[in-house]
Structures are given as C-alpha cells and as structure tokens.
Protein chains: 2
Amino acid sequence: MRTMNKSQIKLISTLERVGGFASAQELYQLLRRDGDGIGLTTVYRALQSLLDDKIVDVLRREDGEALYRLCGEAHHHHLVCRSCGTTVEIEGSSVERWAEAVAKEHYFREVGHTVELFGLCSKC
Amino acid sequence: MRTMNKSQIKLISTLERVGGFASAQELYQLLRRDGDGIGLTTVYRALQSLLDDKIVDVLRREDGEALYRLCGEAHHHHLVCRSCGTTVEIEGSSVERWAEAVAKEHYFREVGHTVELFGLCSKC
DNA sequence: CCAAAAATGAAAATGGTTGTCATTAACATT
DNA sequence: AATGTTAATGACAACCATTTTCATTTTTGG
C-alpha cells in the first residue's frame with residue numbers, strides 16, 4: 001500500500017476545503033494562516049508526491065502558474081473569465097471520447113488532455 | 001493601420017520557418033544563430049505586441065513555459081509525447097463546435113480554447 | 001537638420017519552482 | 001529507555017523564464 005505522510009494529508013484536506021484549484025503558493029499561505037509551520041519546500045514536495053500517486057491533478061493558469069486539485073471528483077473542464085476570473089465547471093464527455101479516439105488512432109498510450117476555455121463572461 | 005516594427009517582422013518570419021510552436025528562448029537562439037544581434041528583451045516585447053495584435057497565439061507547455069505560433073494557419077491541436085517530444089498535429093472540428101456551444105450556453109464572449117493531449121507515443 | 005517619440009539591449013529585479021544539506025521526527029530492534 | 005536507521009523537514013540558495021529599469025540609439029515627422 002502507498003504510504004502517505006503528514007504533509008500530504010494536510011494538503012489533501014486543504015484542497016478539500018478549497019473545493020477547486022489552488023496554487024502551491026496559495027496552499028502554503030492557507031496552511032501558514034492556520035498556524036501550521038510547514039515550509040514552502042515541503043508543500044511542493046508533497047504536491048509532487050500526490051501527483052505521482054495520481055491523487056491530484058495539475059493544470060496551468062494562463063500566466064503559467066501551476067494549479068492543483070483533487071482527482072476523484074468527476075473529471076471536468078473549466079470556462080474561465082479572462083477579466084474577473086469567474087469560473088464555470090463544464091462537463092465534456094464528448095471531448096473525452098474525442099481525445100480517446102485521437103490517442104488510439106496515433107497509437108499513443110496514457111494520454112491525458114488539457115482542455116480549458118478562456119473568454120469574457122456576461123458581466124465583463 | 002497597425003504599425004509593425006523590424007523585430008516583429010523578424011519574429012514572424014522565424015515563426016514561419018519553424019512552422020509550429022516555439023518558445024521565446026528558442027526564437028531568441030534561432031535569431032542569434034543567424035547572426036542577428038537582437039536582445040532577449042526585444043524578443044519578449046515583440047511577441048507581446050504580436051499577441052496584442054492577435055498575430056500570434058500562445059499556449060503553455062506542461063512545464064509552464066510559453067509557446068508561440070502564428071495564427072492564421074488552420075487552427076489545430078497537438079498530441080505530444082511526454083517522453084520524446086514527438087508532436088502530431090490533429091484537427092478537431094468537433095472540439096471547436098463543442099467549445100462554441102459551451103461559450104454560448106454560458107453567455108461568454110471571445111472564447112478561445114486550449115486543447116492539448118499529452119501521452120506516450122508508440123516508440124516510448 | 002533637429003527635436004520628439006519609439007525601439008533597443010544590458011543588466012537587475014521578480015516570482016514560481018527545484019536542489020542542497022544539515023537537522024529532526026518516526027520507527028524498529030535490542 | 002537507548003540505539004541505529006531511514007524518511008521527512010525547512011531554511012536557504014540556485015534556477016530559469018519573464019518583466020522592469022534605464023540609459024542609449026534609431027526612427028520619424030516637421
């Protein structure tokens with residue numbers, strides 16, 4: 001069975017509290033705010049382990065910063081407002097199927113996909 | 001009409017030569033290799049201007065580095081091998097239509113999409 | 001030709017992320 | 001409890017893409 005250390009557990013529960021995506025820096029600040037003396041390095045290391053164990057997913061914000069979220073929730077994508085940051089979760093089974101088909105067609109294995117939509121919401 | 005300076009023109013033709021995506025650093029190296037004394041700062045500035053003018057597109061590599069390409073070529077996506085970097089261009093009109101529909105459904109305007117597939121090719 | 005504006009590049013600053021390394025916590029074995 | 005072994009930790013420095021600063025050069029319009 002996979003071992004799971006204290007830091008990893010703290011990060012998982014913080015990600016649960018957040019409910020969606022959070023950057024390493026944000027997670028670090030949240031933990032510090034709770035009086036936790038955790039170091040930034042440890043946050044990065046724990047996130048990397050969780051990635052290796054496929055407990056969390058990662059995606060990139062438009063500015064390149066890495067965002068992490070818990071896997072397990074139904075896989076979905078996001079429609080993000082470029083201006084105010086409003087995020088709508090969208091389901092996209094048709095995209096999943098398309099990605100699968102493309103992967104098979106080109107004999108690729110272990111294919112993951114990044115699908116993110118960026119635009120301007122009705123208010124902006 | 002939009003002005004276009006020397007550096008921007010150099011970058012456009014370099015991007016044409018490359019034919020696909022290239023990072024700012026790669027473009028810089030290519031130009032230097034051609035004996036061009038251009039500075040890295042200028043490369044970044046020119047790319048930013050071309051982005052503003054919607055002459056080039058940007059996407060993020062898995063490690064967060066920004067990749068630029070000329071717009072105008074038929075819009076397509078990529079299937080990239082995580083291990084050896086082999087890239088297959090894929091066409092995805094079904095994805096385009098899906099993105100359009102989602103955008104409309106949520107009253108978003110000017111919606112662009114990032115769709116990239118990462119996996120392991122048959123050789124790796 | 002000249003002055004104002006735009007462009008340039010070297011160098012420093014920024015900010016997210018990763019590497020180093022000495023210290024500490026956890027845990028199994030006497 | 002005392003010991004030795006191993007994993008985990010965090011302060012700090014290193015890294016690297018990108019941005020900012022600023023003094024200098026080039027371009028442009030009059």
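Just so we're clear, the structure is a prediction, and the values are computed from it rather than from any experiment. Proteins come first, then strands; the chains are lettered A, B, ... in the order of their sequence lines, and each starts at number 1.
Distance CD1 (A:Ile38) to C1' (C:dA25): 14 Å, rounded to an integer number of Å. Separating the CD atom of B:Gln48 from the C1' atom of C:dA6 is a distance of 17 Å, rounded to the nearest angstrom. We find that CG of B:Leu47 is positioned 14 Å from P of C:dG9, with the value rounded to whole Å.
Proximity of B:Leu47 to B:Leu27: side-chain heavy atoms (C-beta onward) are separated by under 4.5 Å at one or more points.
No donor-acceptor pair under 3.5 Å is formed between the side chain of B:Arg109 and the backbone N or O of A:Gly119. Checked by atom type and distance alone, the side chain of A:Arg69 never pairs as donor or acceptor with a backbone atom of A:Leu15 at under 3.5 Å.
B:Ile55 and B:Val43 end up in the same hydrophobic cluster when Ile, Leu, Val, Met, Phe, Trp and Tyr side chains are linked at under 4.5 Å. Cluster membership check: A:Val58 shares its hydrophobic cluster with A:Ile12, using side-chain heavy-atom separations under 4.5 Å among Ile, Leu, Val, Met, Phe, Trp and Tyr.
OP1 and OP2 of C:dT8 both lie 4.0 Å or more from every side-chain N or O belonging to B:Lys6. Considering only side-chain N and O atoms, B:Thr42 lies nowhere under 4.0 angstrom from the phosphate OP1 or OP2 of C:dA7.
No more than 12 heavy-atom neighbours from other residues, nucleotides or ligands sit within 6.0 angstrom of CD on A:Glu100.
Note that CG of B:Asp36 and NZ of B:Lys6 are 10.0 Å apart. Values are rounded to the nearest 0.5 Å.
A tilted orientation is assigned to the rings of A:His113 and A:His77, their planes being inclined by 30° to 60°.
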Which pairs, protein N/O on one side and nucleotides 13-17 of chain C N/O on the other, fall under 3.5 Å?
{"from": "C:dT17", "atom 1": "OP1", "to": "A:Ala66", "atom 2": "N", "distance (Å)": "2.9"}
{"from": "C:dT17", "atom 1": "OP2", "to": "A:Tyr44", "atom 2": "OH", "distance (Å)": "2.6"}
{"from": "C:dT17", "atom 1": "O5'", "to": "A:Tyr44", "atom 2": "OH", "distance (Å)": "3.3"}

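In the 5' to 3' direction, nucleotides of DNA chain D lying under 4.0 Å from heavy atoms of chain A begin and end at D:dA8 to D:dC12.
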